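Worksheet: the structure to be examined is printed underneath.
These numbers were taken from a predicted model, which means no experiment stands behind them.
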Amino acid sequence: MKTAPLGASGIEVSALALGCMQMGTRMADEASFGMLDRYAAHGGAFLDTADCYAWWWDQGTDGGQSEDVLGRWMAARGNRDEVFVATKGTARIDDVARAWPASAAAPDWDYARDHFVGAATLRESLEASLRRLRTDRIDLYYVHVDDRRTPLEESLGTLASFVTEGKVRHLGWSNVRTWRMERIRQLCATNGWPAPVALQEEYSYLRPDPGVDDAGVTGGEQLDYLAAHPDLTLVAYSPVLKGLYDLPPERRGSVEIAGRYSSPDTLRRLAAVRLVADELGVLPSQVVLAWLAQHSPRVIPVIGTATPERLDRAVAALELGLSTDQLAQLAAG
């Protein structure tokens with residue numbers, strides 16, 4: 001598998017990360033181990049998880065299932081030094097019983113979005129992640145949600161101590177406004193703290209509809225900021241928008257996040273990506289991944305799937321190599 005630089009870290013990571021959210025809940029051990037083995041066989045080594053994955057698929061828990069599966073897989077394979085592990089803290093729910101009462105059929109997301117543990121628990125969260133992952137260090141540790149209740153100086157000082165202690169190699173931030181990222185970087189420079197090398201956000205070829213205001217979705221301002229700061233890599237979750245590109249028009253509305261991508265601009269870009277896909281004889285989602293692989297500023301997509309064939313297609317997409325004309329066609333879409 002191809003590799004890509006990770007910000008200013010000085011290291012190369014797999015150009016396609018494997019999202020492990022479903023492992024331990026929707027995916028049982030056998031399927032999870034099989035997917036991890038398949039990704040490794042492709043030469044992949046960048047694993048993405050979080051300490052809250054995935055309480056919303058396992059009522060009565062606050063997450064940790066995915067990290068636990070990864071820890072057991074690495075122990076079984078004896079390959080900890082061969083993989084690059086990214087996990088996240090701060091987004092666990094402070095009261096799971098209220099977020100998903102025993103009497104309810106599904107979680108209360110309105111409650112959950114406002115009741116995360118936050119940065120005050122970073123030390124506790126990191127130590128728990130290390131135990132579940134059965135390791136002595138995290139390669140990339142993200143602040144999962146930007147907690148404005150805790151002073152940035154406090155959060156950044158704690159994160160810097162993790163690096164000093166050798167428990168974290170590199171830092172990242174997720175679901176954060178551009179102005180906050182600039183403030184984070186300024187404080188790191190002023191205080192000599194390690195700065196984030198990765199920013200994880202939702203990003204794909206389709207552009208969010210006008211009026212969408214979500215700190216977790218990359219827009220034009222953030223792309224401009226990233227272009228001016230190549231020491232920060234965008235790690236893109238939901239890069240193929242949960243399969244939306246490959247669905248017929250009548251089924252796109254069934255995709256959870258389709259409501260953010262429903263403008264005339266979306267229709268034009270869907271048509272553009274379909275034309276390139278037909279020309280190459282591949283799926284539209286593969287064209288999108290190929291586009292991301294050739295993207296500037298640099299993007300590393302995270303693919304989460306329970307289907308081996310989809311993983312194979314995603315890896316193959318990195319080798320497509322879109323032509324100048326095809327890139328121009330997509331840009332004009």
Side-chain angles (χ1 to χ4, degrees), residues 1 3-14 17-21 23-25 29 32-33 35-37 39-40 43-55 61-92 117-145 147 154-174 188 191-200 233 235 300 302:
M1 181 182 293
T3 62
L6 183 68
S9 68
I11 61 171
E12 297 267 333
V13 295
S14 302
L18 180 64
C20 302
M21 180 191 292
M23 297 181 184
T25 47
D29 278 11
S32 299
F33 276 43
M35 186 64 70
L36 290 161
D37 287 339
Y39 176 67
F46 188 174
L47 305 178
D48 183 87
T49 187
D51 67 351
C52 64
Y53 293 167
W55 66 268
T61 74
D62 67 351
Q65 298 91 334
S66 174
E67 289 181 332
D68 184 65
V69 168
L70 295 188
R72 288 187 282 110
W73 176 74
M74 289 187 293
R77 302 295 184 261
N79 64 353
R80 176 62 189 94
D81 292 339
E82 300 165 19
V83 295
F84 187 89
V85 178
T87 193
K88 313 175 191 76
T90 70
R92 287 184 298 110
V117 295
T121 67
L122 277 169
R123 171 69 64 177
E124 172 191 343
S125 297
L126 174 68
E127 297 294 347
S129 290
L130 289 168
R131 288 193 297 272
R132 285 188 292 266
L133 288 163
R134 295 159 176 80
T135 187
D136 61 353
R137 83 279 184 193
I138 306 297
D139 297 302
L140 176 59
Y141 192 65
Y142 291 98
V143 172
H144 201 164
V145 291
D147 175 17
E154 180 181 325
S155 302
L156 292 167
T158 300
L159 292 165
S161 71
F162 297 165
V163 176
T164 299
E165 295 164 14
K167 294 181 177 181
V168 168
R169 294 177 60 201
H170 307 287
L171 298 170
W173 223 274
S174 184
C188 288
N191 292 279
W193 292 326
V197 298
L199 170 66
Q200 187 168 132
T233 292
V235 180
I300 297 176
V302 180

Checking [X] now: which residues fulfil side chain to side chain contact (heavy atoms under 4.5 Å, CB included) with it, not counting sequence neighbours?
{"X": "Val302", "result": "Ala17, Asp48, Val235"}
{"X": "Ala50", "result": "Cys52, Tyr53, Lys88, His144"}
{"X": "Glu82", "result": "Asn79"}
{"X": "Ala45", "result": "Ser14"}

If you look at every heavy atom in [X] and [Y], which pair is closest and at what distance?
{"X": "Val163", "Y": "Pro194", "value": "CG2-CG, 3.8 Å"}
{"X": "Trp193", "Y": "Ala160", "value": "CD1-CB, 3.5 Å"}
{"X": "Trp55", "Y": "Gly63", "value": "CB-N, 3.5 Å"}
{"X": "Gly172", "Y": "Pro196", "value": "CA-CB, 4.1 Å"}
{"X": "Thr233", "Y": "Gly7", "value": "OG1-N, 2.7 Å"}

Indicate yes or no for a side-chain donor-acceptor contact from [X] to the backbone of [Y] under 3.5 Å, with no hydrogens or angles considered.
{"X": "Arg131", "Y": "Arg134", "value": "no"}
{"X": "Thr90", "Y": "Val145", "value": "yes"}
{"X": "Thr49", "Y": "Cys20", "value": "no"}

Roughly how far, to the nearest 0.5 Å, is [atom2] of [Y] from [atom1] of [X]?
{"X": "Ile300", "Y": "Thr3", "atom1": "CD1", "atom2": "OG1", "value": "9.0 Å"}
{"X": "Leu47", "Y": "Leu70", "atom1": "CG", "atom2": "CG", "value": "6.0 Å"}
{"X": "Ile138", "Y": "Arg169", "atom1": "CD1", "atom2": "CZ", "value": "11.5 Å"}
{"X": "Leu159", "Y": "Glu154", "atom1": "CG", "atom2": "CD", "value": "10.5 Å"}
{"X": "Tyr141", "Y": "Leu126", "atom1": "OH", "atom2": "CG", "value": "5.0 Å"}
{"X": "Leu18", "Y": "Tyr39", "atom1": "CG", "atom2": "OH", "value": "6.0 Å"}

Are [X] and [Y] close enough that some pair of their side-chain heavy atoms sits under 4.5 Å apart?
{"X": "Arg72", "Y": "Asp68", "result": "yes"}
{"X": "Phe162", "Y": "Leu122", "result": "yes"}
{"X": "Glu124", "Y": "Val117", "result": "no"}
{"X": "Asp29", "Y": "Trp73", "result": "no"}

Counterpart residues, salt bridge (charged side-chain N to carboxylate O under 4.0 Å, His left out), relative to Asp147 (two or more places apart):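 With neighbours one apart ignored, the set is Arg149.
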For Arg137, all residues meeting salt bridge (charged side-chain N to carboxylate O under 4.0 Å, His left out), sequence neighbours excluded: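 With sequence neighbours excluded, Arg137 shows a salt bridge (charged side-chain N to carboxylate O under 4.0 Å, His left out) to Asp81, given in chain and number order.
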Non-neighbouring partners of Phe46 that pass ring-ring contact (aromatic ring centres under 6.0 Å, His included), sequence neighbours left out: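 Expected list: Phe84.
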Partners passing ring-ring contact (aromatic ring centres under 6.0 Å, His included) against Trp173 (at least two apart in sequence or in another chain):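 Partners of Trp173 under the ring-ring contact (aromatic ring centres under 6.0 Å, His included) test: none.
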Contacts of type side chain to side chain donor-acceptor pair (under 3.5 Å), residue [X], not counting sequence neighbours:
{"X": "Arg132", "answer": "Glu67"}
{"X": "Thr164", "answer": "none"}
{"X": "Thr25", "answer": "none"}
{"X": "Asp62", "answer": "Arg92"}

field: Salt-bridge contact Arg123-Glu127 (side-chain N to carboxylate O under 4.0 Å)
entry: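 Looking at Glu127 together with Arg123, the answer is yes, because their closest N to O distance falls below 4.0 Å.
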- request: Taking only Lys NZ, Arg NE, NH1 and NH2, and the carboxylate oxygens of Asp or Glu, determine whether Asp37 and Arg77 approach each other closer than 4.0 Å.
  value: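 Result for this pair is yes, salt bridge flagged.
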message: I need the single residue from Leu140, Val168, Leu133 that forms a side-chain contact (heavy atoms from CB on, under 4.5 Å) with Thr87. Which is it?
response: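 So, applying the side-chain contact (heavy atoms from CB on, under 4.5 Å) to Thr87 and each of Leu140, Val168, Leu133, only Leu133 qualifies.
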